[in-house]
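Have a look at the structure below before the remarks.
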Amino acid sequence: VQLQASGGGLVQPGGSLRLSCAASGRTFSNSYTFAWFRQAPGKEREFVAARRSGGSTNYADSVKGRFTISRDNARNTVALQMNSLKPEDTAVYYCAGVPRNLIVSSMRRLVEYDYWGQGTLVTVSS
């Protein structure tokens, strides 16, 4: 299974960006959890958002109300719509997936995910 993240770039504060993660090699059609994490320079990788089959989502407090994670089953992709971006959102964003439904408390844990994309850089700056 390979996950390919794309959509990063440079955006001004207050702007929007949409990241996409394409899964190949396997179709997560029944039970799955997909997530986005990010890692800023000099910091640890942190949870951003997750979504599992059935539609349940989980967001970090820092992005709640600004970011939305969604799933396109037909295209086997997961998207992260980021609005009202702030300079502190600058980071490399990684998508991750696991072929089972994680409980809410586990959705934020890096070790729960089996598959990782290569990362895409998001820079929020004027």
Just wondering, do [Y] and [X] contact through their side chains at under 4.5 Å, heavy atoms?
X	Y	result
Glu46	Arg108	no
Leu85	Phe67	yes
Val124	Pro13	yes
Leu80	Arg38	no
Val122	Thr90	no
Val48	Tyr93	yes
Arg71	Asn76	yes
Met82	Thr68	no

Asp72 and Thr77: side chain donor to acceptor below 3.5 Å: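 No, Thr77 and Asp72 have no side-chain donor paired with an acceptor closer than 3.5 Å.
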For the side chain of Tyr59 and the backbone of Ile69, is there at least one donor-acceptor N/O pair under 3.5 Å apart?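 Indeed, once roles are kept as given, a pair shorter than 3.5 Å links the two residues.
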Backbone of Phe34 reached by a side-chain donor or acceptor of Arg51 within 3.5 Å: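 No; judged by distance alone, with no hydrogens or angles, the pair does not exist.
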Criterion side chain to side chain contact (heavy atoms under 4.5 Å, CB included) on Val11 and Thr123, from CA distance to verdict: CA-CA 6 Å; Val11 62; Thr123 303; over 6 Å; no
Is the number of heavy atoms from other residues, nucleotides or ligands under 6.0 Å of Glu88 CD greater than 12?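 For Glu88, atom CD is crowded (more than 12 foreign heavy atoms under 6.0 Å).
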Determine whether Val92 and Leu10 fall in the same hydrophobic cluster, where Ile, Leu, Val, Met, Phe, Trp and Tyr are linked whenever their side-chain heavy atoms lie under 4.5 Å apart.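 No, it is not one cluster - the side chains of Val92 and Leu10 are not joined through contacts under 4.5 Å.
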Just how far is it from atom CD of Gln81 to atom OG of Ser20, taken to the nearest 0.5 Å?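 Between Gln81 CD and Ser20 OG, I get 11.0 Å after rounding to 0.5 Å.
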Quick check for you: to the nearest 0.5 Å, what is the distance between Cys95 atom SG and Trp36 atom CH2?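 If we round to the nearest 0.5 Å, Cys95:SG and Trp36:CH2 are 4.5 Å apart.
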Apply side chain to side chain contact (heavy atoms under 4.5 Å, CB included) to residues Cys21 and Gln4 and explain how you reach the verdict. CA-CA 5 Å; Cys21 178; Gln4 182 75 30; over 6 Å; no
Identify the two heavy atoms, one from Thr33 and one from Arg100, that lie closest to each other, and give their separation to 0.1 Å.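 Heavy atoms of Thr33 and Arg100 come nearest at OG1-O, 2.9 Å.
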Closest approach of Ser84 to Arg66 (non-hydrogen atoms, all atoms of both residues):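 Minimum heavy-atom contact is O-NH1, 2.9 Å.
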Can you pull out every salt bridge (Lys or Arg N to Asp or Glu O under 4.0 Å) where at least one residue sits in residues 13-25? Sequence neighbours excluded, please.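 Of all non-adjacent pairs touching residues 13-25, none passes salt bridge (Lys or Arg N to Asp or Glu O under 4.0 Å).
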Applying ring-ring contact (aromatic ring centres under 6.0 Å, His included), can you list everything that pairs with Phe37, at least two apart in sequence or on another chain?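 Only Phe47, Tyr113, Trp116 meet the ring-ring contact (aromatic ring centres under 6.0 Å, His included) criterion with Phe37.
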Is Arg45 positioned over the aromatic face of Tyr94, cation under 6.0 angstrom from the ring centre and no more than 45 degrees off axis?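 Here Arg45 passes the 6.0 Å and 45° test against Tyr94.
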Working note: Tyr115 + Val98, criterion side chain to side chain contact (heavy atoms under 4.5 Å, CB included); need CA distance, chi angles, decisive distance, verdict. CA-CA 6 Å; Tyr115 307 109; Val98 60; 5.8 Å; no
With the threshold set at 4.0 Å, does a side-chain nitrogen-carboxylate oxygen contact exist between Lys64 and Asp61?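 So Lys64 pairs with Asp61 through a salt bridge.
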